[in-house]
Each structure stands twice: as C-alpha cells, then as structure tokens.
Amino acid sequence: MKAIQTAIPDLLILEPKVFGDDRGFFYESFNRQKFSELTGRDADFVQDNHSRSVKGVLRGLHYQIQHPQAKLVRVVQGAVLDVAVDIRKSSPTFGQHVALELSAENKRMFWIPEGFAHGFVVLSDTAEFLYKTTDYWYPEFERSIVWDDPEIAIDWQVQAPPALSAKDLQGKSLAGAELFE
Ligand SMILES: Cc1cn([C@H]2C[C@H](O)[C@@H](COP(=O)(O)OP(=O)(O)O[C@H]3O[C@H](C)C(=O)[C@H](O)[C@H]3O)O2)c(=O)[nH]c1=O
C-alpha cells in the first residue's frame with residue numbers, strides 16, 4: 001500500500017499492492033497498521049457501507065455537520081468520478097476540491113477526513129461503491145451541498161444532467177450551507 005498526495009494535503013489516494021496470479025488477484029483492502037502509518041490516523045471505523053448505482057447517478061455532496069464522518073472509499077465494480085470538497089472555513093484550501101477516478105480496475109482508495117463534503121458520479125453502466133466511516137450515520141445531522149455549485153465548479157465529466165435523489169436536488173450552495181470552522 002502506498003499513499004499518493006493530492007492538491008489538498010489531508011486528502012490521500014491509497015494504492016494497494018495487488019498480487020496477481022493465474023487464479024486472479026489478491027490485495028489487502030484495509031490494514032489498520034499500514035493505514036495508520038500512511039495517514040497518521042488510527043482510524044476506528046464503525047460502519048462499512050455498500051451502494052450500487054447505475055450510469056449517470058450522482059450521490060452527494062454529503063457530510064454530517066455533527067458527528068462528522070471520515071471516509072475510506074473505493075469501487076469494486078465499474079468506475080466513478082469521486083469528489084471531496086474542503087468545507088472547513090479556516091482551511092487555506094476552503095472551497096477547493098479533489099476529483100479522481102476510482103474503479104475496479106485501478107483499485108485506488110480515497111481517504112477523506114472529517115471536514116469534507118463527498119460525492120461521486122457513476123461513469124460506467126453500473127458501479128458498486130464500498131466505504132468505511134469513522135462515525136455512525138445520523139440523518140438529523142446530514143447536510144447536502146448542491147453538485148453544480150459554480151463557486152466550487154466541479155467538472156463531473158458527464159454530458160447529460162445526472163440523476164439525483166430528492167435530497168440532493170435540494171442541496172445548498174457552499175455560501176448557504178452550514179460549514180465546519
Ligand atoms: C448514508 C446511509 C443511508 N442509509 C439509508 C437511508 C436511505 O433509506 C438509504 C439511502 O440513503 P442515501 O440516499 O442518503 O444514500 P447516499 O445518497 O448513497 O448517501 C451517501 O452518499 C454519499 C456518497 C456519502 O458520502 C455518504 O456516505 C452518504 O450520504 O440508505 C442508512 O441506513 N445508513 C447510512 O449510513
């Protein structure tokens with residue numbers, strides 16, 4: 001496993017060592033000790049989530065204003081464009097984002113600490129998205145930022161308007177959202 005820096009220091013891409021042979025492949029998708037060495041966090045994950053989406057679905061941009069969740073995300077089937085937006089008002093990279101492709105092929109994982117809004121859009125026919133979180137889901141504290149906020153200006157790499165949940169259709173702008181200090 002190796003860590004790849006991104007434009008925002010706290011956001012890391014983790015690339016596993018993949019062992020291939022005639023049977024297929026094996027890799028450690030999570031190793032607490034190696035994760036801690038690479039991220040400096042002894043993450044105590046409490047939830048494992050798995051969602052499946054069809055092409056053009058966009059889930060996000062989500063965060064919990066209380067009980068913020070750090071997330072370790074990956075894709076095991078298909079491909080998505082995954083995005084994390086820095087919503088920490090005191091951060092030098094406030095309002096900036098990192099976007100990267102996560103796929104079954106590249107086997108990359110994305111470490112997103114607390115303080116970021118997270119979302120993805122599905123690029124393949126379907127995508128299976130797995131992720132660990134460091135706190136539980138508290139719907140009462142869930143907040144959404146609208147996917148196409150011009151202040152954030154994410155290039156989602158999709159031609160048609162994405163398919164959004166009712167919740168996500170009502171996302172707030174960065175300027176109007178409850179944010180982290
Ligand atoms: C997040 C969550 C949802 N649910 C239930 C609530 C709904 O009945 C159903 C679908 O929930 P939702 O539409 O909020 O799922 P997503 O749009 O995939 O939400 C996630 O999407 C983005 C990408 C994220 O980063 C967050 O982890 C999370 O907000 O699962 C649960 O039971 N537990 C949970 O932890």
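Whatever order the structure lists ligands and atoms in, that order sets their numbers, starting from 1.
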Q | Those atoms of ligand 1 less than 4.0 Å from some heavy atom in Y131 | A | 20 (C), 26 (C), 27 (O), 28 (C)
(Q) Within the protein, is there a heavy atom lying under 4.0 Å from atom 20 (C) of ligand 1? (A) yes
Q: Scan the protein's non-hydrogen atoms and note whether one is under 4.0 Å from atom 14 (O) of ligand 1.
A: yes
**Q.** Under-4.0 Å protein heavy-atom contact, atom 33 (N) of ligand 1
**A.** yes
Q. How are the rings of Y131 and H118 set relative to one another: parallel (under 30°), tilted (30 to 60°) or perpendicular (over 60°)?
A. tilted
(Q) Does K107 qualify as a cation-pi partner of F25, given the criterion of NZ or CZ under 6.0 Å from the six-membered ring centre and within 45 degrees of its axis? (A) yes
(Q) Taking atom NZ as the centre, does K17 end up with more than 12 heavy-atom neighbours from other residues, nucleotides or ligands that are less than 6.0 angstrom away? (A) no
**Q.** Exercise: do E142 and W137 side chains pair donor with acceptor under 3.5 Å
**A.** yes
Q | Per-residue contact class, R59 against ligand 1 - non-hydrogen pairs under 4.0 Å | A | both
Q) Q47 heavy atoms, cut-off 4.0 Å: which ligand 1 atoms fall inside? A) 35 (O)
Q: Starting from the C-alpha separation in whole Å, work towards a yes-or-no answer on side-chain contact (heavy atoms from CB on, under 4.5 Å) for W147 and V121.
A: CA-CA 10 Å; W147 66 284; V121 69; over 6 Å; no
Q) Is there at least one protein heavy-atom neighbour under 4.0 Å from atom 28 (C) of ligand 1? A) yes
Q.
If only side-chain N and O atoms count, and only distance matters, is there a donor-acceptor pair under 3.5 Å linking S173 with E151?
A. no
